[in-house]
Protein chains: 2
Amino acid sequence: MVAALVGDPARANMLTALMTGRALTASELAQEAGITPQTASSHLSKLEAGGLIEPEKQGRHRYYRLTGPDVAGVLEGLAGLAARAGHMRVRTGPKDPALRRARICYDHLAGDLGVQMLDSMKRQKLIRQTKQTIELTGEGRRFMADTLQIDANMLAHPRRPVCKACLDWSERRHHLAGTLGAAMMARFTELKWAARDATPGSRVVNFSRTGEKRFAALFGPGE
Amino acid sequence: MVAALVGDPARANMLTALMTGRALTASELAQEAGITPQTASSHLSKLEAGGLIEPEKQGRHRYYRLTGPDVAGVLEGLAGLAARAGHMRVRTGPKDPALRRARICYDHLAGDLGVQMLDSMKRQKLIRQTKQTIELTGEGRRFMADTLQIDANMLAHPRRPVCKACLDWSERRHHLAGTLGAAMMARFTELKWAARDATPGSRVVNFSRTGEKRFAALFGPGE
DNA sequence: CCAATGCTTCGGTTATCATCGAAGCATGAA
DNA sequence: TTCATGCTTCGATGATAACCGAAGCATTGG
């Protein structure tokens, strides 16, 4: 049954990550779902057998993408039903619930705090999000230079956007990705506001007491 | 997660039964899914909590229906994905696999043999199925009279159609219901071709050796 | 009132399956 | 070749949840 495939939280997270349309490697999907590569491999096999995703070998990577827009449509429909029932409930994946609070998504901040930060930045008009694109405003550039010592001009990258909205699997809302998101996370680390968890491979991000306060001062939740 | 609700075979069978748009009682749904009322009750609670179905009390019955066409739409979409992947696979419910072969659906034959019978009758042009309706042909009336001693004129009923296609949960295809379906099943029993299983409450139908042969002669699978 | 029916709740059992450690295979790099 | 990376397979463990028997409410009918 196809529904059972989507029913598992880990697999649902993977599928959600693929909803962007981009193809992701098996390891990236494992990371996104918060599970080990072994477990992910098992899930990916099942999803492939169920015809929901298709692989593409490229070197020693295996890229997976959704098999078609109809799959995305059904997933969207399921999410719609969940929303309609007031069921936008957060089902954390298998692992650590601290992942929900703050975690690394590749190289930028995700989780509750990541979503909160993007919301706050939009509210403060530091960034402007149009239909498809998202970009720094003039005020945003000043803010980055003054408060975080980030030179927006240095963020340009040939293959990567400065700002990008990334769908958060635990919150099902967007957080900030792109070179800016990465730079901000790097700055937080430099300032010792936050640090990645010591346990190797963990995606958890721990905020220090002062770090949490400073962060809240800049990007606190809506008043 | 909504998908997990649909993922369970028993619940999927219930939802499939509700796809007709009609409301069914808890017991009927339990019967349709091949599980006991206790188990069904648990499933129905979850489906209700998930916002997929809604109850309506009426006397000592509880009727359940889908909460809306959007639910049906998503279910349809899921079925579509399953079909697309060549995955129209039969996942039998929890209970006895003999139920898949032949069972009672209210008062008529369901399961593998039920589906096979309806197919065969269509192939022999004994019945004609148009878009919405399904009815006996002239040849079909003769066939019923000659081989099964069923007078089609006696089948009329104020509140029930003579022929009706009923969605089979184990085969996900239609079998024949209505007064004709009931009359045929009754005849099979009279002729001792088949008998309901002795264990009380069982829906299993056991065919005798000769009964199976006669049945196959009349309604065998496509050549 | 009592009995019967329809459904639910409770408890305990069983099975399925997600999960991870360890080892195995590939591919690409040195 | 040897090493490293990315992914898969195998095996064992553990947790979730489906399942049913038994008992408990509620409604209807007598």
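Below, chain A is the first sequence line, B the second, and so on; all start at residue 1.
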Determine whether A:Glu190 and A:Arg187 satisfy the following criterion, salt bridge (Lys or Arg N to Asp or Glu O under 4.0 Å), listing intermediate values before the conclusion. CA-CA 5 Å; A:Glu190 273 183 29; A:Arg187 181 66 64 199; 2.7 Å; yes
Take atom [atom1] of [X] and atom [atom2] of [N], then tell me their distance rounded to the nearest Å.
| X | N | atom1 | atom2 | value |
| --- | --- | --- | --- | --- |
| B:Leu5 | D:dT16 | CG | C1' | 14 Å |
| A:Leu29 | C:dT19 | CG | C1' | 17 Å |
| B:Arg11 | D:dT16 | CZ | C1' | 12 Å |
| A:Lys46 | D:dT9 | NZ | P | 12 Å |
| B:Met14 | D:dA18 | CE | C1' | 11 Å |
| B:Leu47 | C:dT8 | CG | P | 12 Å |
| B:Asn13 | D:dC19 | CG | P | 10 Å |
| B:Lys57 | D:dC25 | NZ | P | 15 Å |

Regarding A:Tyr64, tell me which of base, sugar-phosphate or nothing describes its non-hydrogen contacts under 4.0 Å with the strands shown. sugar-phosphate
Does the side chain of A:Arg62 pick up a donor-acceptor pair with the side chain of A:Tyr64 at under 3.5 Å? yes
What nitrogen or oxygen pairs link the protein and nucleotides 2-6 of chain D at under 3.5 Å?
unit_1	atom_1	unit_2	atom_2	d
D:dG6	O3'	A:Arg60	O	3.2

Is any side-chain N or O of A:His43 closer than 4.0 Å to OP1 or OP2 of C:dT19? yes
Describe, in one word, how the ring planes of A:Phe207 and A:Phe215 are oriented to each other, choosing from parallel (under 30°), tilted (30 to 60°) and perpendicular (over 60°). perpendicular
Please collect all salt bridge (Lys or Arg N to Asp or Glu O under 4.0 Å) contacts where either partner lies in residues 8-17 of chain A, sequence neighbours excluded, each pair once. none
Within a strict 4.5 Å, meaning less than it, do heavy atoms of the [X] and [Y] side chains meet?
| X | Y | answer |
| --- | --- | --- |
| B:Leu113 | B:Phe219 | no |
| A:Leu176 | A:Met184 | yes |
| B:Lys46 | B:Leu5 | yes |

Nearest-neighbour nucleotide for the [X] side chain, [options] considered:
| X | options | value |
| --- | --- | --- |
| B:Thr39 | C:dT27, D:dC19, C:dA18 | D:dC19 |
| B:Ser41 | D:dC19, C:dT19, C:dT9 | C:dT9 |
| A:Ile35 | C:dA18, D:dT9, C:dT19 | C:dT19 |

I'd like a list of close polar pairs between nucleotides 21-25 of chain C and the protein, N/O only, cut-off under 3.5 Å.
unit_1	atom_1	unit_2	atom_2	d
C:dG21	N7	A:Gln38	NE2	2.5

Only one of A:Ile53, A:Leu52, A:Thr39 forms a side chain to side chain contact (heavy atoms under 4.5 Å, CB included) with A:Leu44, so which one is it? A:Ile53
Hey, does the side chain of B:Ser42 reach the backbone of B:Gln38 with a donor-acceptor pair shorter than 3.5 angstrom? no
